[in-house]
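In the text below, chain A, chain B and the rest are named by the order of the sequence lines, each starting its count at 1.
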Amino acid sequence: MADIKSFLTNDHRACDDLFAEMEQVASKGTLADAKSIYETFADATEHHFQMEEKVMFPEFEQKTGMVQGPTQMMRHEHQQLRSLMKQMGEAIDNEDKNKFFGLTETMMIMLQQHNMKEEQMLYSMAQQHLAEDAERIIMMMESIIVD
Amino acid sequence: MNFTGLSLEQAPPLSAPARFFITAPIFGMIAALLILWTDSALLISRYSIESIAITHLFTIGIFSMVMLGALQQMLPVLAGVSLPKAAGVAAFSHITLVLGVFFMSIGLWQNDKNFIILAAIGLGLGFFSILIAIILAMKKITFFTPTVKAMMTAVAFAFVIVLIGLHLLGAHAAGNIGNLHMALANTHSVWAIFGFAGILIIGVAFQVLPMFYVTPHFKKFYNNVVIPLIMFGLSAWMISQLFLPEFAITGKFVIGLFFLAFATAIIKKLKERRRPIIDVTVWYWVLAAVSLALGVVLWPLDTYLKADHIMIVSVLIGGGFILSVMNGMLYKIIPFLVWFHLNASGYMNIPTMREMIHEKMAKIQFGLHLLSLIFFIAFFWIPVMIKVAALTLFVSMLLLEINLLIALNYYRVIKKRKPDFVMEMNMEEVK
């Protein structure tokens, strides 16, 4: 059976892997070396955010009527994470390693505590409320076009 | 299933945990000064009044402060609940605890009944106000992870040890030291160290090691089994020391064994971590694990060794394990919270965590911390070392305080600027 919780949780892990690889590459060479893996990471993360913001969150809000609740807070945190990723890109362009690793440090904690809230609470709620539509919702998430 | 109580609430105001965090090193400095000025012969015995007073500057003034601050911060993130009236409860609990610790030191030192009673009132109000708020928040939890269960267990232990502690203070004030006094004092200290601090640190490590350093997660078996077994060990030890003292050592071995397993797990997980960066907080975790391992191996043996060796165990477990974990984690938590609160209120141009805590300063502080531990242990053979140890501890705590205040000062300074933009407006653009 399709499962929204494990689908999105697995996507978190995929993004985590890219993040770890980006840090590895950046720590070994110059930041320019890490630019392409940074872009892959940022694209994958943006894709994940939009799967939630365009598909899962609205479905959840419609079903539960909780419009100002957890989904709104997750959107807010997505914005915080987007601002960090943008600054990481700038640090790469400026070859500023101290800035870059300072940002990845913050990004890591922000991202992990965000993931934790989603995986341990929001996704569990979503899976319970949206179980019967899970297959359709996952298909829609897979087919979004990222702006 | 009922979700009405569930919310992913925003973190408490920065002041709520921060006031607890920045108080901790101050008590470290006070403890160091008292050690410096006390006759070292009095400090070698764990039961001397001076030892008890100084111990509580560490356990309440530093450890409890940091744990209570951290619990307020972690409950919203890890369990989705926050404390009722978070800012008010934090302010009240903080001030009463601070006064309570001061009164306790004065009361014990001067053998002044009135101060001891004031201490009991202050500490009772300080601990119970925040513990009850934490328990009320925990009642709303709907998803139970191993970390959440560990936090609940630790809080239950905290509740009991505070009750026992108040009873012990009352007995001191009344001059009524009965037969049970020593057994209760032992239970109070062992449950406080292993039940409250130990279990909380294990539970939090399940989450923060993977989160900060991208280590592999702890195995499910480990998550589910270690804490119940430690609870079993702590209960078995308590019952046996009351009724069958010759078997109490078995309980110690059980508790020690699982903490030893935890210490090795920390080292193993850190070795397998995927973040390439080594910072001072990794050093702190390694020092904590090594000290814990040595401490729990030595602890059951104190029955066979000179009774004074228990003081080495306290230095290893209290200073080497608990203080190291807390010191290291403060270097992560404070700059992250400063960043988080500023960013959440629309500030974009914020120094990174690395710019808030200078790695070099943090490394010097780690070196001082390590030296003070070595000096405190050397004291058991070379009496004069206690003075050197106390001085080193003082400077280490002072530098920790400075490092943390530098990070917090960024919040104060940046908050005076106009935010770069208002988050809500941007939210509309996203939609």
Side-chain angles (χ1 to χ4, degrees), chain A residues 16-17 19-21 23-28 49-50 53-54 58 64 66 69-84 86-88 91 96-122 124-125 128-129 147, chain B residues 1 3 6-11 73-74 76-81 141-145 147-148 207-208 210-214 273-279 281 332-333 335-340 343-344 346-357 359 420-421 423-424 426-427 429-431:
Chain A
D16 287 348
D17 288 343
F19 183 90
E21 198 184 328
E23 278 196 327
Q24 293 279 1
V25 175
S27 73
K28 277 176 197 143
F49 289 167
Q50 294 201 17
E53 289 168 356
K54 286 180 169 169
T64 62
M66 294 166 76
T71 46
Q72 196 56 18
M73 200 184 136
M74 292 300 104
R75 284 197 183 92
H76 192 113
E77 293 194 351
H78 288 174
Q79 283 310 98
Q80 291 187 279
L81 289 160
R82 283 184 174 112
S83 82
L84 277 171
K86 189 166 156 267
Q87 292 180 58
M88 277 158 57
D96 185 344
K97 268 204 180 186
N98 197 40
K99 189 90 185 166
F100 178 78
F101 282 113
L103 290 164
T104 57
E105 182 74 49
T106 315
M107 176 89 189
M108 191 68 222
I109 302 178
M110 185 70 212
L111 195 60
Q112 294 305 325
Q113 63 94 34
H114 173 79
N115 289 353
M116 227 179 270
K117 288 179 198 161
E118 288 194 336
E119 290 166 26
Q120 292 172 6
M121 289 169 273
L122 183 60
S124 303
M125 291 165 77
Q128 300 202 340
H129 287 282
D147 296 325
Chain B
M1 217 174 157
F3 287 114
L6 193 131
S7 54
L8 293 160
E9 290 182 59
Q10 194 58 275
Q73 191 58 47
M74 291 185 303
V77 176
L78 302 178
V81 295
I141 297 176
T142 32
F143 294 102
F144 296 92
T145 60
T147 299
V148 171
Q207 295 285 1
V208 303
M211 171 161 137
F212 290 163
Y213 311 107
V214 198
R273 76 180 196 287
R274 299 202 20 223
R275 297 197 74 194
I277 292 103
I278 289 207
D279 60 25
T281 67
K332 290 264 185 212
I333 298 170
F336 176 72
L337 288 181
V338 169
W339 180 87
F340 180 85
N343 188 268
Y347 296 90
M348 288 298 120
N349 206 354
I350 313 166
T352 65
M353 289 172 67
R354 286 188 162 221
E355 289 158 323
M356 287 189 215
I357 301 261
E359 187 71 7
D420 297 320
F421 68 90
M423 202 53 103
E424 276 65 31
N426 195 56
M427 302 291 314
E429 286 163 25
V430 173
K431 283 180 213 158

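A 4.5 Å side-chain heavy-atom check between A/M110 and B/F336 finds at least one atom pair inside the cut-off. Using a 4.5 Å heavy-atom threshold, the side chains of B/D279 and A/E105 count as touching. Side chains of A/I109 and B/M353 form a contact here, defined as non-hydrogen atoms less than 4.5 Å apart. The shortest distance between side-chain heavy atoms of B/R274 and A/D17 falls below 4.5 Å. Looking only at side-chain heavy atoms (C-beta outward), B/K332 and A/M108 stay at 4.5 Å or farther from each other.
The contact between A/T106 and chain B is made by backbone and side chain atoms together, counting heavy-atom distances below 4.5 Å. With a threshold of 4.5 angstrom between heavy atoms, A/L84 approaches chain B through side-chain atoms but not through N, CA, C or O. If you measure heavy-atom distances from A/T104 to chain B, the contacts under 4.5 Å come from both the backbone and the side chain. When heavy atoms are compared at a cutoff of 4.5 Å, B/L78 approaches chain A by way of both its backbone and its side chain.
Counting non-hydrogen atoms of neighbouring residues, nucleotides and ligands closer than 6.0 angstrom, the NZ atom of A/K86 reaches no more than 12 such neighbours.
For A/K117 against B/V77, the heavy-atom pair with the smallest separation is CG-O, 3.7 Å. Considering every non-hydrogen atom in both B/M348 and A/S83, the closest pair reads SD-CB, 3.5 Å.
We find the CD-CG distance between A/Q79 and B/N343 to be 10.0 Å, quoted to the nearest 0.5 Å. A/M121 CE to B/T145 OG1: the interatomic distance, rounded to the nearest 0.5 Å, is 8.5 Å.
Note on B/R275, B/E355, B/E359, B/Q207: by heavy-atom pairs under 4.5 Å with chain A, the leading option is B/R275.
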